[in-house]
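The block underneath contains the structure these notes are about, expressed in structure tokens.
Chain naming here is simple, since letters A, B, ... match the order of the sequence lines and numbering starts at 1 in each. These figures come from a predicted structure and were not determined experimentally.
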Amino acid sequence: MGSEMDDDGFEAIMTAHHAEIHRYLARVTARSTDADDLSQETFLRAYRAWRGLPADANRRAWLFTIATNLCKNHFRGESRRRRALAAAVHEAAREASSWPESEALAREAHARVERVVATLPFKQRLAFVMRKLHGLEYDEIGANLECSGESARAHVFQALKKIRRGLDELAPAQTEPVR
Amino acid sequence: MKDTMEPCRVIEPELVALAGGEASAAGAARVEAHVARCGSCRDALSRYRELEGELGELRATAPPGADPTLARAELAQRLADLRSRLVGYGVYPSPLGPILIARSELGVSMVEYLEPGTDPRRAGLGKLAGTDAVEAREVTEPLYRDVLDYLAGRRTDLGWPLDLRWTRSDFQRQVLEATARLPYGAVTSYAGIAREIGQPHATRAVAQALRHNPVPIVVPCHRVIGSSGALTGYAGKRVDLKRQLLAVEGVRADARIDRAAMYVRYLHESAYCMPTCGALPTEPLSNLTLFGRRERAEAAGLVPCSDCRPDLHPLPPI
């Protein structure tokens, strides 16, 4: 009966998806320590259930579902979410200021986007990161956020709109002297 | 005050879709026609396109400070820990009523008769301290099929690896191991098991240890009976189950077994006898192993006694 408990299949799932799930969580929580813990938790939960998964199930989408649920629990409560975000934005700014100048220039564009993403409302941020950075389908995103695919699309649209505006606001630094 | 640089509200979702490569042909055509005459939307479209370019680069890079390497190494450790605690179970119908079968990565850790409608987590699984129980039919289903074969008499040995980490004591483990050595189709007494483990006065403790047998059927405590031949207890008050299991193995019993109708092995002799052979009728049950059928004694590796010749004068079939 040994073969039934073989975990090679699960090793393969971890190898294929852990880094991506970690990156997803790092973006939506905006804290790498939370991503460490939640990514582990995602795979521990997955391990408890993966043998019952239908053979044709989309394992990647399934892992995103688990990660998203954990994330929602983690940030339950608006106040906690705000506190975490404030800390994250502060941290991101501090890290940015410690970069060497050349690197800072190269990273600046990314960093500006990351910073605006971190200020998005929670659902929009989740939808945006799942769609635009991980390429999930709107229906999958909708299922993860307990809304329709169309609502998921609307969340992503609102997020993009805010990011564009946010970047417009950050951009004037280049045209106006900073006091 | 309206920002003159803002794009037109009705067309903006389509601008976004076009920049992101998600627009339909009709949508793209509408956007092209619109931006040809609207400066702010033209401007917005190009900013959305720039943003898409940024996102393309962002997709390829981890967010600042996020390195999954350590988390992955730690995950391997936490997973190993989870594996050692994880017990997968399934609940199945059987001729003995609903049964729960649970196994860990090491082997079968629990078999339990459930009252219909019992929540398995509140039943025996709760006794496996420190474990993490999940329903896992895919790993318990093959075991269930083995049990059905066993109960139908198609299989005489389950041959499962066991995980006895949750036994109460070394004593209980010894009792379970001695009981597991009882051959298919044989019975002995609690006192017999006590003698077998070198503690001939521990009859009551043996009975207690078997009362809390975590893996009935697999460790065949149904083959252990009282010194008088009475079936005594099983799974609480389910002596009927004990009788059913013994019947499958060719041992007939009503309230008690009938010693006079069974073949006998004395202590560790290599032969089996008629119940009337020599001084056997007066031997205490603790020194004997009884078989309902000759074939069972022979399957256990015993030869017919050369004095009483059970092979030539078999007992009448039951």
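Considering all non-hydrogen atoms of both residues, Leu160(A) and Tyr48(B) come closest at O-CE2, 3.8 Å. Arg51(A) and Val139(B) get closest at one heavy-atom pair: CD-CG1, 3.7 Å. Closest approach of Arg48(A) and Leu82(B) over heavy atoms only: CG-CD2, 4.1 Å.
Salt bridge absent: Glu54(B) and Lys132(A) never bring a charged side-chain N and a carboxylate O closer than 4.0 Å. Salt bridge absent: Arg23(A) and Asp67(B) never bring a charged side-chain N and a carboxylate O closer than 4.0 Å. Ion pairing of Arg164(A) with Glu6(B) is present here, as a side-chain N (NZ or NE/NH1/NH2) and a carboxylate O approach within less than 4.0 Å.
Neither the backbone nor the side chain of Glu50(B) comes within contact range of chain A; no heavy atoms are under 4.5 Å apart. Residue Leu51(B) touches chain A through its side chain alone, counting heavy-atom pairs closer than 4.5 Å. Interface residue Ala60(B): only backbone heavy atoms are found under 4.5 Å from chain A. In this structure, no portion of Ala73(B) lies under 4.5 Å from any heavy atom of chain A.
Chain B forms more heavy-atom pairs under 4.5 Å with one residue of Met14(A), Glu11(A), Arg27(A) than with any other, namely Arg27(A). Chain B forms the most heavy-atom pairs under 4.5 Å with one residue out of His134(A), His18(A), Glu114(A), and that residue is His18(A). Put simply, of Ala136(B), Ala71(B), Ala66(B), Gly159(B), the one with the most heavy-atom pairs under 4.5 Å next to chain A is Ala71(B).
The number of heavy-atom neighbours closer than 6.0 Å to CZ of Arg9(B), taken from other residues, nucleotides and ligands shown, is 12 or below.
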ask   = Where do Glu22(B) and Arg131(A) land on the salt bridge (charged side-chain N to carboxylate O under 4.0 Å, His left out) test, with the steps shown first?
value = CA-CA 12 Å; Glu22(B) 295 176 5; Arg131(A) 176 66 196 167; 2.8 Å; yes

query = Step by step, would you call Asp36(A) with Arg72(B) a salt bridge (charged side-chain N to carboxylate O under 4.0 Å, His left out)?
reply = CA-CA 8 Å; Asp36(A) 286 355; Arg72(B) 175 76 160 78; over 6 Å; no

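Using a 4.5 Å heavy-atom cutoff, the side chains of Arg47(B) and Leu167(A) are not in contact.
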